[in-house]
Amino acid sequence: MKIIKVKNPTEGAQKAFDIYQAALSGGVKVLGLATGSTPIALYKELTDSALDFSNITSINLDEYLGLDGNNEQSYRYFMNQHLFNKKPFKKSYVPDGRSEDHEVAAKQYDKIISEHPIDLQLLGIGLNGHIGFNEPGTAFDSTTHVVDLTQSTIDANARFFDNSTDVPTQAISMGIASVMSAKEILLMAYGADKADAIAATVNGPVTEEVPASILQNHKNVTIIIDEAAATKL
């Protein structure tokens, strides 16, 4: 793992932008993308830049079950607002949170990933070490699947909703094996509340109880963290 320590998320976004710029210059064709507050500054760097994504395919990690792309809390809506509406991609895939058969939708998403191998996968990390919505206990060989979100994840996401009862309790997520199939992985984490998860990811045992710990087994991982997130390394 390559660890890059920065002073704040703004500097982290600039470092991440450099990685994306190099990746595009190197001819990548497929980007794995993430949602949440962590990548917002990076997406602003990308949209403000002259980088051209018109020949790039994107594949997002996950989506809440029960929300369609017009719902302001859906991850499709988030991506449209922060990136896709400003920087059109050749094709952008986000899991279908409103599918009639979620198991079929998961298999279809696996097919998309197999047909578009991910060159660079962006990740955040949950307080419990989850990547995507792969909660503790998720099998390392998992592919796209329906997830029952843990209470800690539901509580962490509640700040985005007007009413705590509106927070989805399930999601459809790219699996850990899917994430690990990417040629290169970039994980970003900021704040003291992520320090335990980062320490377990980098220095702890590789265990399904800390999903992100599997990244120790990947050959090309960069982790960008601020000083607060690095305090327990």
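Quick note: residue numbers are just sequence positions, from 1.
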Aromatic plane relationship, Phe78 with His82 - under 30° parallel, 30 to 60° tilted, over 60° perpendicular | tilted
Derivation of the side chain to side chain contact (heavy atoms under 4.5 Å, CB included) call for Tyr20 and Val28 = CA-CA 9 Å; Tyr20 273 78; Val28 304; over 6 Å; no
Please, which pairs that meet ring-ring contact (aromatic ring centres under 6.0 Å, His included) have at least one residue in residues 94-124, sequence neighbours excluded?
-> Tyr93-His116
Would you compute the distance between atom [atom1] of [X] and atom [atom2] of [Y] and round it to the nearest 0.5 angstrom?
| X | Y | atom1 | atom2 | answer |
| --- | --- | --- | --- | --- |
| Ser99 | Asp68 | OG | CG | 12.0 Å |
| Ser49 | Gln21 | OG | CD | 7.5 Å |
| Ile224 | Lys2 | CD1 | NZ | 9.0 Å |
| Tyr77 | Asn85 | OH | CG | 9.0 Å |
| Ile113 | Gln108 | CD1 | CD | 12.5 Å |
| Ile172 | Asp62 | CD1 | CG | 10.0 Å |

Answer yes if [X] and [Y] sit in the same cluster of Ile, Leu, Val, Met, Phe, Trp and Tyr residues linked by side chain heavy atoms under 4.5 Å apart, and no otherwise.
| X | Y | value |
| --- | --- | --- |
| Leu186 | Phe53 | yes |
| Ile19 | Ile225 | no |
| Val94 | Phe133 | no |
| Val210 | Val147 | no |

For a quick check under 3.5 Å, do [X] and [Y] share a side-chain donor-acceptor pair by atom type?
| X | Y | result |
| --- | --- | --- |
| Asp18 | Gln14 | no |
| Asp52 | Ser54 | yes |
| Ser58 | Ser92 | yes |

Over 12 non-hydrogen atoms of neighbours within 6.0 angstrom of NZ in Lys44 |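 Atom NZ in Lys44 is not crowded, with 12 or fewer foreign heavy atoms closer than 6.0 Å.
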Should the heavy atoms of other residues, nucleotides or ligands under 6.0 Å from NZ of Lys183 be counted, would the total exceed 12?
-> yes
Could you check if a side-chain atom of [X] sits within less than 4.5 angstrom of a side-chain atom of [Y], using non-hydrogen atoms only?
| X | Y | result |
| --- | --- | --- |
| Lys7 | Glu227 | yes |
| Leu123 | Met188 | no |
| Pro168 | Phe161 | yes |
| Glu63 | Asp96 | no |
| Pro136 | Pro211 | yes |
| Gln121 | Glu184 | no |
| Leu149 | Tyr64 | yes |
| Val167 | Ile154 | yes |

Check [X] against [Y] and note the closest heavy-atom contact, atom names and distance.
| X | Y | result |
| --- | --- | --- |
| Met180 | Asn217 | CE-C, 4.0 Å |
| Pro117 | Val30 | O-CB, 3.3 Å |
| Leu215 | Val221 | O-CG2, 3.7 Å |
| Ala189 | Lys194 | CB-CB, 4.3 Å |
| Gln216 | Ala200 | NE2-O, 4.0 Å |
| Met1 | Ile223 | SD-CD1, 3.8 Å |

Between Tyr43 and Leu122, is a side chain to side chain contact (heavy atoms under 4.5 Å, CB included) present by the stated rule, with each step listed?
-> CA-CA 11 Å; Tyr43 291 155; Leu122 178 65; 3.6 Å; yes
Flag the pair Lys232 and Asp196 as a salt bridge only when some basic side-chain nitrogen lies within less than 4.0 angstrom of an acidic carboxylate oxygen.
->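 Counted as a salt bridge, because a side-chain N and a carboxylate O are separated by less than 4.0 Å.
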Can Lys111 and Glu115 be counted as an ion pair, charged N to O under 4.0 angstrom?
->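 A salt bridge links Lys111 with Glu115.
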Please test Asp148 against Thr169 for side chain to side chain contact (heavy atoms under 4.5 Å, CB included), starting from the C-alpha separation and ending with a verdict.
-> CA-CA 6 Å; Asp148 292 321; Thr169 59; over 6 Å; no
Check the pair Leu61, Thr35 against side chain to side chain contact (heavy atoms under 4.5 Å, CB included), reporting the backbone distance first and the verdict last.
-> CA-CA 8 Å; Leu61 283 167; Thr35 53; over 6 Å; no
Phe84 meets the ring pair (Phe, Tyr, Trp, His ring centres under 6.0 Å) criterion, sequence neighbours left out, with Phe89
Under the criterion side-chain contact (heavy atoms from CB on, under 4.5 Å), which of Val202, Thr222, Ile198 is the partner of Leu187?
->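 By the side-chain contact (heavy atoms from CB on, under 4.5 Å) criterion, Leu187 pairs with just one of Val202, Thr222, Ile198: Ile198.
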